[in-house]
Asks: 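If you scroll down you'll find the structure; I have some questions about it.
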Amino acid sequence: MTPIEGRVWKFGDDIDTDAIVPGKYLIYEASEIAGHIMEGIRPEFAGLVEPGDIIVGGENFGTGSSRDPAVKALQAAGIQAIVAKSFARIFFRNCINAGLAPIECAEAGKIEEGQQVRVDLAGGEVTVIDTGAVLEAVPLPDEIAGILEAGGLVEYLGREQR
Amino acid sequence: MGQTVSQKIIARAGGREEVVPDEVLWVDVDLAMIHDSGGPRRIWPMLTELGVGVFAPDRLVLVADHYVPAQNVGAAQILETTRAFAVEFGIERFHEAQGIAHTLMVEKAYLRPGMLYVGGDSHTCTGGVLGCLALGMGSTDLFGVVATGRTWLRVPHTIRVEIDGEVPAGVTAKDLILTIIGDRGMAGGLYRVLEFGGSAIAAMSVEERSVLTNMCVEIGAKTGIVPSDAVTVAYLEERGVEAEIGPASDADCDYLATWRYDASELEPVVARPHRHDDVVPAGEVDARVTRAYIGACTGAKYTDLAMAAEVLRGRSVAPGVLLQVAPASRAALAEALADGTVATLVEAGAHILSTGCGACPGIGSGVLGPGEVCISTTSRNARGRMGSLDSEVYLASAYSVAAAAITGKITDPRELIGVTA
Ligand code: SF4
């Protein structure tokens, strides 16, 4: 998988999917929700995020409701990867299935907002370009990497079918 | 090395003799549940994109609970799509406005010991109460299951949660699980299965046990499970299902940890806004409430309504407080109607809402406005969960919610039901 590079937005521990996409927006499609992303925790975020950006979180990122739009709206807003100390398991699965790279990196706390990072999924590494620091990440098991590489579960199953 | 009950269920579903924690494998799913919010409206377009239908309609349960009754045209369209999906793919087990999915899956005895069950909702873990492995997932995951009958899993480690002793009067399973979450933190069980056992669990009803499994997601767990026993079998048989005790963990299985609690030391607790792991004794909180909400898969079963009635009997809701009750299922409502529980609630001043998710996810009837302070039997209190970002939610048992409705402030309910703390 080609490494992903982008600018960092930093969030704390236990970021809840209710904060990422408040329930009242669930009636809409992900592309429409993108303009409200993170409203429950950082209302100005949706106006600042740019395509290619990367989110860095703490422990238990994406905890709470199983809502897929939390991942798909982040994607629609242009987020291309999420690095976190740990993920809530449903959110992690939702990322894989949507083709949005989730990277478990115990040292994610060392990354600062605004820095540029390079995420090497296959190699299990996150490099902070500003400082040159190389942080260890958990490589994805092959079974799961295949889904991500295909671009998500729909694409993966489509490929299998052919 | 022996296997835990969860390992055994995964091994069987994966066609294997045994599995080890952390390995990833594909498994066959015995039963899947999807609901109106994350179900047909999101899954159908993906099925169309792939050019496939529902793999096994008889292994799928479809429930409309989040958007009933429709509050606006958008919600009505979501419900229409849900109905059309049931017709198009011949889903016989489709229930609209009959109850909240997790309550129905247990109450209708769709779940059986040893099953591998997945649901398109994070509180799917509730189902573990019947001794099955109940895994919550998102819509795209469920699309995969609906299309192929299979999914991938990472085999979890198990934490044994051993609860002995007698649960004191006025204290509930809700107080127990909130106490555990308060102790361990909201990521304290991340990726793990919590397996409940001990003398307090053996003595507990399926309804109360289901509050423990329901809130396992609130501690980050993959799921919770109560390995089936005589109580499970009796519950299923009462519902006309032939049942027997299913798989259990081997004596020499490898638990990652054992958490022990003495139930006799428990007391009524609340989780303070805006974290469900900020748990303190109800008697120590000094806060006025404007809303008391009894609802959700977590806290509006018949047993919860009966607890509330015990507190409310012959009393009136305090001025300035709105008590709302949204029964978790039609069966819960019917039972509470039949024995006068509903009359007690209404006489005390309760506003009875529709059966469904209601205000719990901030979608249906009864959402909170700015400045409102609510005490609720639901499971989550993240900022804005039940409505306005400027509202506050305390989580508690039905006893404590009813007590606060009477006094207008957070109260140890034992004061009102003649139990000395
Ligand atoms: S009642 Fe609340 S917690 Fe239960 S399924 Fe509905 S939204 Fe989820």
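Below, chain A is the first sequence line, B the second, and so on; all start at residue 1. All heavy atoms count here, side chains included; hydrogens, waters and symmetry mates do not.
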Asks: Heavy-atom pairs under 4.5 Å with chain B are the metric here; pick the option from A:L26, A:V71, A:I41, A:T17 that has the most.
Replies: A:L26
Asks: Testing the basics here: between A:Y28 and A:I33, what is the closest heavy-atom pair and its distance to 0.1 Å?
Replies: O-CD1, 3.4 Å
Asks: Side-chain contact, heavy-atom cut-off 4.5 Å: A:D120 with A:T127?
Replies: no
Asks: Under a 4.5 Å heavy-atom cut-off, does chain B meet the side chain of A:P22, its backbone, both or neither?
Replies: neither
Asks: Over all heavy atoms of both residues, which pair between B:Y293 and B:C360 is shortest? Give the atoms and the distance, please.
Replies: OH-N, 3.9 Å
Asks: If I measure from the heavy atoms of chain B, does A:P69 come under 4.5 Å with its side chain, its backbone, both, or neither?
Replies: side chain
Asks: Which of the residues B:P361, B:G185, B:G136 is involved in the greatest number of heavy-atom pairs with chain A at under 4.5 angstrom?
Replies: B:G136
Asks: How would you list, in number order, the residues of residues 65-78 of chain B that have a heavy atom less than 4.5 Å from chain A?
Replies: B:Y67, B:N72, B:G74, B:A75, B:I78
Asks: Kindly give the heavy-atom pair with the smallest separation between A:I82 and A:C95, and that separation in Å.
Replies: CD1-SG, 4.3 Å
Asks: Below 4.5 Å from any heavy atom of chain B, which atoms of A:I144 appear? Answer side chain, backbone, both or neither.
Replies: side chain
Asks: Counting C-beta onward and ignoring hydrogens, is there a side-chain heavy-atom pair between B:H102 and B:M33 closer than 4.5 Å?
Replies: yes
Asks: What do the steps show when you test B:R385 against A:D16 for salt bridge (Lys or Arg N to Asp or Glu O under 4.0 Å), and what is the final call?
Replies: CA-CA 10 Å; B:R385 165 77 182 178; A:D16 196 285; over 6 Å; no
Asks: Find the one option among B:R383, B:M386, B:H123, B:M137 whose heavy-atom pairs under 4.5 Å with chain A are most numerous.
Replies: B:M137
Asks: Will you find, in the side chains of A:T131 and A:K110, an N or O donor that is under 3.5 Å from an N or O acceptor?
Replies: no
Asks: Specify which of A:A88, A:G23, A:P141, A:S65 makes the most heavy-atom pairs with chain B at under 4.5 Å.
Replies: A:S65
Asks: Which label fits A:F87 and A:F61: parallel for a plane angle under 30°, tilted from 30 to 60°, or perpendicular past 60°?
Replies: perpendicular
Asks: For the residue pair A:F92 and B:Y191, is the inter-centroid distance of their aromatic rings smaller than 6.0 Å?
Replies: no
Asks: Tell me, for B:L142 versus chain A, whether the close heavy atoms (under 4.5 Å) come from the side chain, the backbone, both or neither.
Replies: neither
Asks: If you tally heavy-atom pairs under 4.5 Å against chain A, which of B:L190, B:T124, B:V367 wins?
Replies: B:L190
Asks: Will you find, in the side chains of B:R380 and B:S122, an N or O donor that is under 3.5 Å from an N or O acceptor?
Replies: yes
Asks: Does the side chain of B:W152 come within less than 4.5 Å of A:R93's, by heavy atoms?
Replies: yes
Asks: Can B:E23 and B:R16 be counted as an ion pair, charged N to O under 4.0 angstrom?
Replies: yes
Asks: Within the 3.5 Å criterion, strictly below it, is a donor on B:T298 or B:N214 matched to an acceptor on the partner's side chain?
Replies: yes
Asks: With a 4.0 Å cut-off, would you call A:R67 and A:D18 a salt bridge?
Replies: yes
Asks: Could you look at A:T63 and say if it's the side chain, the backbone, both or neither that has a heavy atom under 4.5 Å from chain B?
Replies: side chain
Asks: Quick check on the structure: residues of residues 42-51 of chain B within a heavy-atom distance below 4.5 Å of chain A, by number.
Replies: B:R42, B:M46, B:E49, B:L50
